[in-house]
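Just so it is clear, the structure is predicted and the values come from calculations on it, not from any experiment. Worth knowing before you read on, the calculation uses all heavy atoms, side chains too, and leaves out hydrogens, waters and symmetry mates.
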Amino acid sequence: MKAGFFRLMAFPVEIQDCIFQELEMNELPPVLRVNSHFNAIGTRILYRIIPELPMIRCIACLKVLCASPSNAALVRKLSIDWSSHRVVANLFRLLRETLTHLSALRHLSIELSPQDNHYSLAWLLHGCPSGLRTLGTSIRCDPQLAEVLETQPELVELCLRGFQTKQPFTLSDGAMPKLRMFRAVHAGPAVISSVVRGRPVEGISLSMFIEDAFLPLDALLLSSRPIKRLTIMSLDNTPPNVLLPEIANRLPDLEALHVVVLMAMFDRATLQDSGPTLARFSDLRYLTFMAAGSASIEDEGEIARTWGKACPTLRTIILPKGKVWFEREGKWTCCG
C-alpha cells in the first residue's frame with residue numbers, strides 16, 4: 001500500500017471523519033469498498049444527511065433504512081420532496097415506518113403535492129422520534145398536526161407550509177418550549193397565534209393576506225420574547241407608509257425586517273415618504289423592502305439616505321433594484 005494510506009490511518013477517527021466529509025456523495029461508494037475501516041466511516045457520512053432524491057432512489061433508500069436498523073440510526077437529517085407526485089397509500093406507510101426507525105433524527109423536511117396536502121396526513125409523523133430540532137412540512141395545519149407538535153419538546157425551528165383548515169389548531173402551553181424560529185406560508189392568524197403564544201419565538205416569517213388585515217402582526221405580540229427578526233410576504237396593496245408604522249407600533253425592538261410586496265407598485269416618493277416611520281424602531285439594523293416600482297438606482301440612493309437619516313441604527317438597506325446599500329464614511333453607497 002502507498003505511504004499516504006498509512007499516514008491517513010494514523011489520524012484519529014474524528015479527523016478522518018472530517019476529511020471524508022469533504023467528499024461528494026458520488027465519491028463515497030468507492031471509498032466504502034476500500035476496507036472495513038473506510039466502510040464504517042463512509043457509511044456514517046453517507047447516511048448522516050439524506051437529501052431530496054428522485055422518487056425511485058428515494059423509495060429504495062426508505063426500504064434500506066427500514067431493513068437496516070444500524071444504518072437508520074445514523075440518519076440526522078432527512079429531506080423528502082414529493083411535491084411533483086401524487087403518492088399512493090403504501091408509499092405513505094413506508095415513509096411512516098421509516099420514521100419510526102430513525103432514532104437519531106434531528107432535522108426533518110417533508111414536502112407533498114398540492115393535491116395530497118388537502119388531506120389529513122399528519123399521521124405520517126406520529127412515529128417520529130421526539131428529539132427533532134427542526135421540522136418543515138407542507139402537511140395541512142389541522143388538529144392531527146397539532147398533536148404531533150405536542151410530542152416535540154426539542155423543536156427550535158418550525159416551518160408550516162401547509163394550508164390552514166377550519167378545524168381548531170390548538171397547542172398546550174407546554175408544547176415546543178424551546179421554539180425560536182417560526183415560518184408560516186399559508187397559515188393565518190389563528191395558527192400563528194397558537195404557535196407563538198407563550199413560546200420564546202424571536203424570528204418570524206409569515207404571509208399577509210388582504211382578508212386578515214394586520215391580525216398576523218397582532219399574533220406576534222403573544223411571544224414570550226421580543227421579536228428580533230421578521231420577514232413578511234405581503235399579498236395585498238398596503239403602502240409602506242401604512243405597513244411600516246403598523247409593524248413599528250407592535251415590534252419596536254426589531255433588528256432585521258424584510259418585506260416583499262407582490263401585488264403593488266411604489267414610486268420613489270411613496271418610499272421616501274415612509275422614512276419618518278422608521279424612527280420608531282429602536283435597534284433596526286437590516287432592512288429589505290422589495291416591490292415592483294419605477295425608481296432608478298439614483299432614486300434608491302436618495303431613499304437609502306432618507307431612511308438612514310430617519311433610523312441611524314441601520315447598517316444595510318436592500319431596495320427593489322436588489323442593491324445592498326450601506327453607510328461608509330458618512331455616505332450611503334451600494335455594492336456593484
Flag for [Y]-[X]: side-chain donor and acceptor within less than 3.5 Å:
X: Thr231; Y: His258; result: no
X: Ser79; Y: Asp81; result: no
X: Ser120; Y: Asp142; result: yes
X: Asp299; Y: Ser296; result: yes
X: Ser172; Y: Glu150; result: yes

side-chain hydrogen bond (donor to acceptor under 3.5 Å, both in side chains) against [X], all qualifying residues, sequence neighbours excluded:
X: Ser68; result: Ser70, Asn71
X: Tyr286; result: Arg315
X: Gln167; result: none

If you round to the nearest 0.5 Å, how far is CZ of Arg48 from CZ of Arg76?
-> 7.0 Å
Where is the tightest heavy-atom contact between Asn117 and Arg140, given as atom of each residue plus distance?
->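 Heavy-atom minimum between the residues: O-CB, 3.4 Å.
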Charged N to carboxylate O under 4.0 angstrom, [X] versus [Y]?
X: Arg225; Y: Glu202; value: yes
X: Glu154; Y: Arg106; value: no
X: Lys228; Y: Asp253; value: no

Non-neighbouring partners of Phe163 that pass ring pair (Phe, Tyr, Trp, His ring centres under 6.0 Å), sequence neighbours left out =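 Ring pair (Phe, Tyr, Trp, His ring centres under 6.0 Å) check on Phe163 returns His118, His186.
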Contacts of type side-chain contact (heavy atoms from CB on, under 4.5 Å), residue Glu302, not counting sequence neighbours |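 With neighbours one apart ignored, the set is Gln272, Arg305.
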Could you tabulate the donor-acceptor pairs under 3.5 Å formed by side-chain atoms of residues 84-92, not counting sequence neighbours?
unit_1 : atom_1 : unit_2 : atom_2 : d
Arg86  : NE     : Asp116 : OD1    : 3.3
Asn90  : OD1    : Arg93  : NH2    : 2.6

